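Remember, it's a predicted structure, so these values are computed and weren't measured experimentally. Below, chain A is the first sequence line, B the second, and so on; all start at residue 1.
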Amino acid sequence: MSDHKTIQEIENEIVEEFALFDSWDDKYEYIIDMGKKLPALEEKHKLDENKVRGCQSTVWLVSEYKDGLIYFKADSDAIIVKGLISMLIRVLTGHTPDEIINANLEFIQKIGMTTHLAQTRANGLLAMVKQMKNYALAFKIKNSMPHGERSAETKSN
Amino acid sequence: MIQSNTISKELDVYAIRKQFPALNRQVKGQPLVYFDNAATTQKPQVVIDALVDYYTNYNANVHRGIHTLAEEATAAFEASRDAARQFINAASREEVIFTRGTTEGINLVAYTWGRKNIKAGDEIIITEMEHHSNIVPWQLLCEEKGALLKMIPQQDGVLLLDEYKKLLSSKTKLVSVVHVSNALGTVNPVEEIIKLAHQAGAKVLIDGAQSTVHLDIDVQAMDCDFFAFSSHKVYGPTGIGVLYGKRELLEAMPPFQGGGEMIKEVTLEKTTYADLPYKFEAGTPNIGDAVVLKTALEYVSKTGKEKIRKHETELLNYATEQLVQLPGLRIIGAAATKVSVASFFIDKVHPQDIGILLDNRGIAVRTGHHCAQPLMHCFGIPGTIRASFAMYNTKEEVDQLILGLQKALKLLL
């Protein structure tokens with residue numbers, strides 16, 4: 001479904017959803033609910049190399065590139081973080097590397113997350129965004145390589 | 001104004017609260033409940049006023065210049081050293097060195113005494129419940145010298161002294177132990193640890209970062225060789241602390257940093273060093289905060305450490321009784337003697353989630369590994385939720401914490 005919508009459209013949807021809540025208690029309840037609904041990542045992906053650095057809790061993030069689009073999966077041992085990353089996935093998954101790289105993700109600020117979260121935790125959220133954009137950049141670079149080079153790289157792996 | 005407090009045996013916590021302006025503020029629209037006192041305490045108005053007074057009236061560089069301001073600043077700076085000496089009952093003011101805090105104090109010993117006295121094959125003993133600042137300086141030293149770092153194990157937050165005895169040998173040169181665990185609140189039997197270390201011919205450093213605010217500290221009775229603490233955990237300013245060392249050890253130690261203040265005479269060929277304590281205080285010190293340390297220490301003494309301790313113990317017992325009734329909650333650390341720290345873990349819940357939801361109710365706790373990762377590793381948990389109490393906390397605030405935890409658990413589980 002979401003592949004029909006642009007990143008901006010999904011961001012707007014989330015901002016509208018959060019506008020319905022009067023209190024942070026309710027916002028957190030919603031975030032926690034999203035966290036609970038995010039499917040658990042298979043154990044085989046819970047590797048050190050998939051961990052996002054800069055978070056107080058453990059966050060694993062994996063990506064897959066299929067037909068020009070990137071798909072994200074993630075998990076965390078902390079539920080609020082899981083809710084936050086589930087929002088990021090909802091916004092960014094199923095888009096092209098360029099769309100992801102250029103996303104400004106203003107919804108994070110618009111729903112008040114950056115001012116509400118303590119600095120260390122806001123940094124964790126930014127670390128997740130950065131990691132997702134890094135994946136997009138990596139796929140883009142890999143994609144733009146001349147064919148000969150790409151096959152050479154595949155062989156060396 | 002406070003004569004009624006000093007006479008009565010009970011702490012007048014509501015009168016005390018009025019002396020801490022930060023406690024009046026709101027967080028996330030609710031009155032602040034500050035339970036992160038083991039990280040740093042809030043400051044009473046007298047401390048804030050003293051800092052303003054210093055910069056308003058007699059800011060000058062110390063030990064130089066003959067003008068009035070310099071003399072006043074020097075007198076206040078040295079009076080603070082005397083107050084610190086008295087607070088820990090050091091034998092002389094020369095044994096009291098101003099540092100940036102406990103961490104710098106430990107690093108100073110590692111860098112000077114350690115580099116001079118530790119050789120390849122020597123052993124340094126610490127414990128499993130150390131703060132990283134009493135682990136990493138010794139790791140660095142051991143790596144440089146080819147020495148060995150050993151740890152006294154603990155069980156349920158209690159050091160295993162029989163294991164300690166087995167670790168001690170003629171190779172042991174230093175035992176560096178935390179007096180009160182920041183992560184658990186355990187009060188360690190430092191007197192016995194020191195006695196055993198001395199019998200083996202080793203020196204002992206006590207990390208007093210957490211203990212100095214709660215316990216009566218007497219470095220002579222304790223017979224430790226070094227003792228370090230931080231002002232900001234004793235209701236004083238940040239950025240200043242004290243390292244105590246026995247005079248004969250300090251005299252034999254090479255300087256820490258080179259610069260002004262720590263020299264007697266400098267020629268290009270040879271520099272002679274200043275006498276104690278200045279040998280270890282290179283450069284312009286943190287004068288303002290050092291001066292105000294006296295105000296903080298006097299505030300604590302005047303309020304009465306015994307009364308404060310009694311109040312904090314009551315709070316800890318009350319909190320513990322309430323906490324253990326929450327489903328799935330485990331208190332981490334079962335030491336019989338604890339001060340002021342309730343550290344706990346709740347099954348199936350990440351401490352960080354609790355921390356965020358409590359902050360949303362204006363309740364400040366610490367969550368995580370508390371800079372004691374080896375200890376958390378022993379308990380097999382990513383970290384704990386830590387509520388740590390000070391003289392100004394109340395039972396009503398504990399009730400707020402319990403209510404906040406109940407609401408958080410309802411959302412999270």
Side-chain angles (χ1 to χ4, degrees), chain A residues 18 21-38 40-41 46-48 50-61 74-88 108 111-128, chain B residues 25-36 39-40 132 183 328 344-373 376-377 379-386 400-401 403-413:
Chain A
F18 271 83
F21 302 121
D22 299 329
S23 72
W24 269 96
D25 269 351
D26 295 339
K27 286 186 192 180
Y28 275 124
E29 193 172 351
Y30 187 53
I31 294 168
I32 289 164
D33 204 40
M34 284 190 284
K36 285 179 182 167
K37 283 179 184 152
L38 186 72
L41 196 65
K46 292 186 175 175
L47 307 169
D48 265 1
N50 291 330
K51 279 184 186 170
V52 180
R53 311 253 164 244
C55 303
Q56 205 189 61
S57 52
T58 308
V59 179
W60 298 270
L61 177 70
D75 208 340
S76 171
D77 53 355
I79 198 80
I80 293 175
V81 169
K82 214 169 151 181
L84 295 174
I85 200 153
S86 112
M87 278 196 283
L88 291 174
I108 300 170
I111 63 175
M113 220 61 229
T114 33
T115 47
H116 195 83
L117 280 183
Q119 194 58 44
T120 47
R121 275 139 198 172
N123 286 347
L125 185 60
L126 295 177
M128 287 188 263
Chain B
R25 69 162 285 181
Q26 304 254 312
V27 168
K28 309 274 154 72
Q30 319 222 26
L32 166 68
V33 173
Y34 188 78
F35 282 159
D36 197 17
T40 194
H132 295 163
F344 53 96
F345 185 78
I346 304 173
D347 285 341
K348 299 188 197 105
V349 178
H350 196 284
Q352 183 186 268
D353 287 326
I354 297 281
I356 292 174
L357 293 173
L358 289 178
D359 178 57
N360 192 43
R361 305 180 66 83
I363 301 166
V365 294
R366 174 86 181 263
T367 63
H369 53 62
H370 316 297
C371 300
Q373 283 177 338
M376 293 298 124
H377 189 73
F379 285 104
I381 50 177
T384 73
I385 304 150
R386 181 187 73 186
Q400 285 301 312
L401 170 70
L403 187 68
L405 286 170
Q406 284 167 339
K407 297 226 169 186
L409 290 178
K410 212 180 230 175
L411 281 179
L412 292 168
L413 291 173

Evaluation steps, side chain to side chain contact (heavy atoms under 4.5 Å, CB included), between A:Ile79 and B:His350: CA-CA 7 Å; A:Ile79 198 80; B:His350 196 284; over 6 Å; no
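- For B:Gln373, the side-chain hydrogen bond (donor to acceptor under 3.5 Å, both in side chains) partners are B:His369, not counting sequence neighbours.
- Using a 4.5 Å cut-off between heavy atoms, B:Leu413 touches chain A through its backbone atoms (N, CA, C, O) alone.
- For A:Ile80, the parts lying under 4.5 angstrom from a heavy atom of chain B are both the backbone and the side chain.
- Here A:Asp25 pairs with A:Ser23, B:Asn360, B:Arg361 under the side chain to side chain contact (heavy atoms under 4.5 Å, CB included) rule; sequence neighbours left out.
- Shown here for B:Leu411 and A:Glu29, the closest heavy-atom pair between the two residues is CD2-CG, 3.3 Å.
- Within a 6.0 Å radius of NZ in B:Lys407, other residues, nucleotides and ligands contribute 12 heavy atoms or fewer.
- A distance of 10.0 Å separates CG in B:Asp353 from OH in A:Tyr28, rounded to the nearest 0.5 Å.
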